[in-house]
Amino acid sequence: MNPECIFCKIADGREPAHIVFEDEISVAFLDMRPVYHGHTLLIPKQHISTVMEFPGEFIERFFLNLKLVSRAVEEGMGCQGIFNAINNRISQSVPHLHIHILPRNKGDGMRHFLWPRGCYDTIDEAIATAEKIRLSVRRIRER
Ligand code: DGP
């Protein structure tokens, strides 16, 4: 727990929130500034900031909770789909990992996630980019 963190405070009941799900490792609650009604945040109770720090032993349970809450938002809000998003450092206003779970409907007007899109000018540029990431995967796995 980080005593100053607003999401830690929600997780341990020191700050109010509209909680929709809770278990030993995570809490889900309504985002107070929703893109659409039903916009929910799922957080780990442990204070970690980004996906890159996520403890391996909780990943399966946490992802199952993401599946459960995403299904619940979809059914509860009667929407056609779900958008899941995580800001890691850039555009992250609360430095406690949170997964946005947004109800989506065709024609709902959401435009600014994953936009604008570009392209690789050449196949070599794509090959070199993929190789940089592949090398990093290898290095990280060897640590
Ligand atoms: P991001 O920009 O990805 O870090 O999203 C943070 C979200 O957290 C933002 O949509 C607003 C929401 N938020 C910030 N503070 C609080 C709070 O105290 N309570 C609730 N329910 N949501 C919060």
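Throughout, numbering of the chain's residues begins at 1 and tracks the sequence. Keep in mind that what you see is a predicted model, and the values were worked out from it rather than measured. All ligand and atom numbering here is 1-based and tracks the order in the structure.
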What does the N/O contact table under 3.5 Å look like for ligand 1?
from: ligand 1; atom 1: 2 (O); to: Ser91; atom 2: O; distance (Å): 3.3
from: ligand 1; atom 1: 2 (O); to: Ser93; atom 2: OG; distance (Å): 3.1
from: ligand 1; atom 1: 3 (O); to: Asn87; atom 2: ND2; distance (Å): 2.8
from: ligand 1; atom 1: 3 (O); to: His98; atom 2: NE2; distance (Å): 3.1
from: ligand 1; atom 1: 3 (O); to: His100; atom 2: NE2; distance (Å): 2.8
from: ligand 1; atom 1: 4 (O); to: Ser93; atom 2: N; distance (Å): 2.7
from: ligand 1; atom 1: 4 (O); to: Ser93; atom 2: OG; distance (Å): 3.1
from: ligand 1; atom 1: 4 (O); to: Val94; atom 2: N; distance (Å): 3.4
from: ligand 1; atom 1: 4 (O); to: His98; atom 2: NE2; distance (Å): 2.8
from: ligand 1; atom 1: 5 (O); to: His98; atom 2: NE2; distance (Å): 3.1
from: ligand 1; atom 1: 5 (O); to: His100; atom 2: NE2; distance (Å): 3.3
from: ligand 1; atom 1: 10 (O); to: Asp31; atom 2: OD1; distance (Å): 3.1
from: ligand 1; atom 1: 10 (O); to: Asp31; atom 2: OD2; distance (Å): 2.4
from: ligand 1; atom 1: 21 (N); to: Leu30; atom 2: O; distance (Å): 2.9
from: ligand 1; atom 1: 21 (N); to: Met32; atom 2: N; distance (Å): 3.4
from: ligand 1; atom 1: 22 (N); to: Met32; atom 2: N; distance (Å): 3.2

Under the side-chain contact (heavy atoms from CB on, under 4.5 Å) rule, collect the residues that match up with Leu68, sequence neighbours excluded.
Phe21
Can Lys9 and Glu4 be counted as an ion pair, charged N to O under 4.0 angstrom?
no
Under 6.0 Å between the ring centres of His98 and Phe7?
yes
Tell me, please, which residues at least two apart from Glu15 pass side-chain hydrogen bond (donor to acceptor under 3.5 Å, both in side chains).
none
Could you give all pairs that pass the salt bridge (charged side-chain N to carboxylate O under 4.0 Å, His left out) test and reach residues 72-81, with sequence neighbours left out?
none
So, for His39 and Arg33, which heavy atoms are closest and what is the spacing to 0.1 Å?
ND1-O, 4.3 Å
